[in-house]
Protein chains: 2
Amino acid sequence: MATMQDVARAAGVSAMTVSNVINGHPKVSEATREKVLQAMARLDYRVNVSARNLRKGRTGTIGLAVPEVDSPYYGRLAAAIIAAAAPRGLRVAIEQTYALRDSELEALALSRNRLYDGLILSTVGMGPQDTEWLTMDHPVVILGERIFGGPVDHVAMPNVEASRAATLHLLERGCRRVAFVSGTVGEEVDVSSLRHTGYRQALEEAGLPQDPELHRRLTAFSMAEGARCARDMVESGLDFDGVFCVTDTVAMGVLRGLADAGVRVPEQVKVMGFDDVPESGFLVPSLSTVDPDHDTMAERAVSLLVRRIERTGARPEPEEFVSRFTVVARESTGGPA
Amino acid sequence: MATMQDVARAAGVSAMTVSNVINGHPKVSEATREKVLQAMARLDYRVNVSARNLRKGRTGTIGLAVPEVDSPYYGRLAAAIIAAAAPRGLRVAIEQTYALRDSELEALALSRNRLYDGLILSTVGMGPQDTEWLTMDHPVVILGERIFGGPVDHVAMPNVEASRAATLHLLERGCRRVAFVSGTVGEEVDVSSLRHTGYRQALEEAGLPQDPELHRRLTAFSMAEGARCARDMVESGLDFDGVFCVTDTVAMGVLRGLADAGVRVPEQVKVMGFDDVPESGFLVPSLSTVDPDHDTMAERAVSLLVRRIERTGARPEPEEFVSRFTVVARESTGGPA
DNA sequence: TTGTAAGCGTTATCAT
DNA sequence: ATGATAACGCTTACAA
């Protein structure tokens, strides 16, 4: 395979001139440029990206670590991040972590090995106790709920506020016994806990009791688990007229589980999701949800990362960006206002 | 940032020994290994992947070029390919081509620049006339319908056979006026044309007429287009009792469109998709479809690629792999047998 | 405008 | 078991 030297020889110039032609430097005469271009074509020359990367100290690739890419939410997010990175000349390599702490730490390690110029890390398995791994000596942006106030940039959703609004929406539509379907809620700062807080705030504001029976737990944020949980709610004789689901994916399962149990939505039970994934508007009934503005989050995550990658002077202070949200009323809560 | 030389100096050994420790070569005494490990920790040493790549002539990354990653089908495929690549020590970088021919060619060019060790390319925009770009001098596996008999490995679905089976399934369930929803069907070898062929074969076998009115066209394989198309079919007064959709994504839209038009599925119209994406089993009604065995396709695509990446001797002959398929009967065609 | 020289950080080869 | 040397292919200075 031809190298730059080979091209230089064939064109009767130096390697430097070939490099200048390739990189579009202005100080190359039209004649030499032509000669070089022809030699390149003749030899079917291809730049060696590895050599260039070594020399430049950059790879032109950022890493994106997410639990899995075949979920409506992370798929949507990945697409938005790839789209935001492209105009900046950055490629995106995706690591699937399967929500495992060790895989998330591994992605961090790979990025620090300068495999990537920077990393966008969706923390699900890692928690606040892992803050020590987040050093500012390499560009990292955290995307998600689990780590706040660390030494790195952070892009998050307005979980509490949006969940409060989602629950209030169900109450406005007449629900009085609203179930909340999520993972385990505890001390930690995670999606389930944050969204549960918003849910509780809404009930409190409305002066409704907090019945622990209404809080249902999943072992995974999957459609299958959502369906199982919904069937379980009906079969156990739970009295409920609304369900707020921790994600749209779970809500899709809940809709299915309610159908299995013969419960009509929205007549008997109203259902609310969170994320506004592309599918939600096309379900039957279409799913009411919260739109957290994925594109802005993705754009912001990439721009924060690029700021660090390209920084010349002092390290910028860690920044926290929280997106805006919109409640989207669809059929599963009785349709648009 | 510490280099291998720095570590070597700190440990009082040569860079070569450090390299041997890092790469787990057997010929290192326990004492030296320990010394080196400590020096590495002390200096917070990180290998420079770019330097390694240059030296080795490999990047450890393969490219995956797909139209977009936020569709149930390509998301599912990408996840399977990442999973198949991981145990082989390969990372996957995703390029979104948006089904554009130029972007697909660009992905090919990047891979040939040794940005990737090889490329899995889902051809949608490129066609048979682009075969010239597919040279065997760099590992490439084509995934999809548009290019057959080229000089590179190819992993495909049994489009005609599976579509025939899908259509026959609708006929077995009592449909007599089966519509086909796809993109434009023409001379070219693409998903729409191949699946249309299977559809026609089934009608022919059953002795049913081929009514051109029953073939409906989309401008994109999206849920929105599927919904529009379904509403259009009903509003135009088309007489039909079954719909075979070119993909599950389109079928999700069709289900929505039929609901909008007040048509009940499966009582009045039965609906069949193609792909068996994760969502299909959870829709209401759940979607009957064809399972093309994504995991096997992904596994095969990766193993064909790896065979070329790691080949030492002569170039293997181009291979063509066609997956098996299964018809999955769900509620949208009246439920499991 | 073009060329020369040096070096990015690693590893394969060959000695010792 | 360890080390010296020489690339891998490119680009940043600097010189001409």
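Letters go in sequence order (proteins before strands), and every chain restarts at 1. Keep in mind it's a predicted model, so treat the numbers as computed, not measured.
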- Query: So how far is it from B/T135 OG1 to B/R112 CZ, rounded to the nearest 0.5 Å?
  - Reply: 5.0 Å

- Nearest 0.5 Å please: distance from the CE atom of A/M40 over to the CE atom of A/M4. 8.0 Å

- Message: Under the side-chain contact (heavy atoms from CB on, under 4.5 Å) test against B/V49, which residue among A/N113, A/T59, A/L54, A/L110 passes?
- Response: A/N113

- Query: Going by atom types only, do A/Q96 and A/Y74 share a side-chain donor-acceptor pair under 3.5 Å?
  - Reply: no

- Task: Could you pick out which residue, B/H25 or B/L54, lies toward the 5' side of DNA chain C when each is mapped onto its nearest nucleotide?
- Result: B/L54

- Checking A/H138 side chain against A/S111 main chain: does a donor-acceptor pair fall under 3.5 Å?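 Answer holds: yes.
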
- Distance-only, no hydrogens or angles: does the B/N20 side chain make a donor-acceptor pair with backbone N or O of B/H25 under 3.5 Å?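 Such a contact is absent between B/N20 side chain and B/H25 backbone.
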
- Looking for any heavy atom pair under 4.0 Å, which part of the strands does B/N53 touch: base, sugar-phosphate only, or nothing?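 Counting heavy atoms under 4.0 Å across all strands, no contact is made by B/N53.
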
Distance in angstrom units between [X] [atom1] and [N] [atom2], rounded:
X      : N      : atom1 : atom2 : value
A/I22  : D/dG9  : CD1   : C1'   : 11 Å
B/R58  : C/dT11 : CZ    : P     : 14 Å
A/M4   : D/dA7  : CE    : P     : 20 Å
A/K27  : D/dC14 : NZ    : P     : 16 Å
A/K35  : C/dT2  : NZ    : C1'   : 10 Å
A/R114 : C/dG9  : CZ    : P     : 7 Å
A/K56  : D/dG9  : NZ    : C1'   : 14 Å
A/R9   : C/dT2  : CZ    : P     : 19 Å

- Interface residues of residues 13-21 of chain A with DNA chain D (non-hydrogen, below 4.0 angstrom):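 Listed by number, they are A/M16, A/S19.
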
- Message: At a heavy-atom distance below 4.0 Å, what parts of residues 38-51 of chain B sit against DNA chain D?
- Response: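 Per residue number, the list is empty: none.
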
Any salt bridge linking [X] with [Y]? Criterion: basic side-chain nitrogen under 4.0 Å from a carboxylate oxygen.
X      : Y      : answer
A/D153 : A/R307 : yes
A/E68  : B/R76  : no
A/R308 : A/E319 : no
A/R88  : A/E299 : yes

- Counting heavy atoms not belonging to B/E317, are there more than 12 under 6.0 Å from its CD?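 No - once you tally the heavy atoms of other residues, nucleotides and ligands closer than 6.0 Å, there are 12 at most.
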
- Establish, with yes or no, whether the OP1 or OP2 oxygen of D/dT2 is under 4.0 angstrom from a side-chain nitrogen or oxygen of B/T32.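 Checking B/T32 against D/dT2: at least one side-chain N or O falls below 4.0 Å of OP1 or OP2.
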
- Closest nucleotide of DNA chain D for A/Q5 versus for B/S29: which of these residues is on the 5' side? B/S29

- Side chain of A/R55: nearest nucleotide among C/dG9, D/dT12, C/dT2?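 Output: D/dT12.
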
- Query: What about B/R52: does its side chain form a donor-acceptor pair under 3.5 Å with the base of C/dT10?
  - Reply: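 There is none.
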
- Task: Could you walk me through whether B/S303 and B/V306 pass the side chain to side chain contact (heavy atoms under 4.5 Å, CB included) test, one step at a time?
- Result: CA-CA 5 Å; B/S303 75; B/V306 167; 5.5 Å; no

- the helix from C/dT1-D/dA16 to C/dT16-D/dA1: angle between its terminal axes, five pairs each, to 10°? 30°

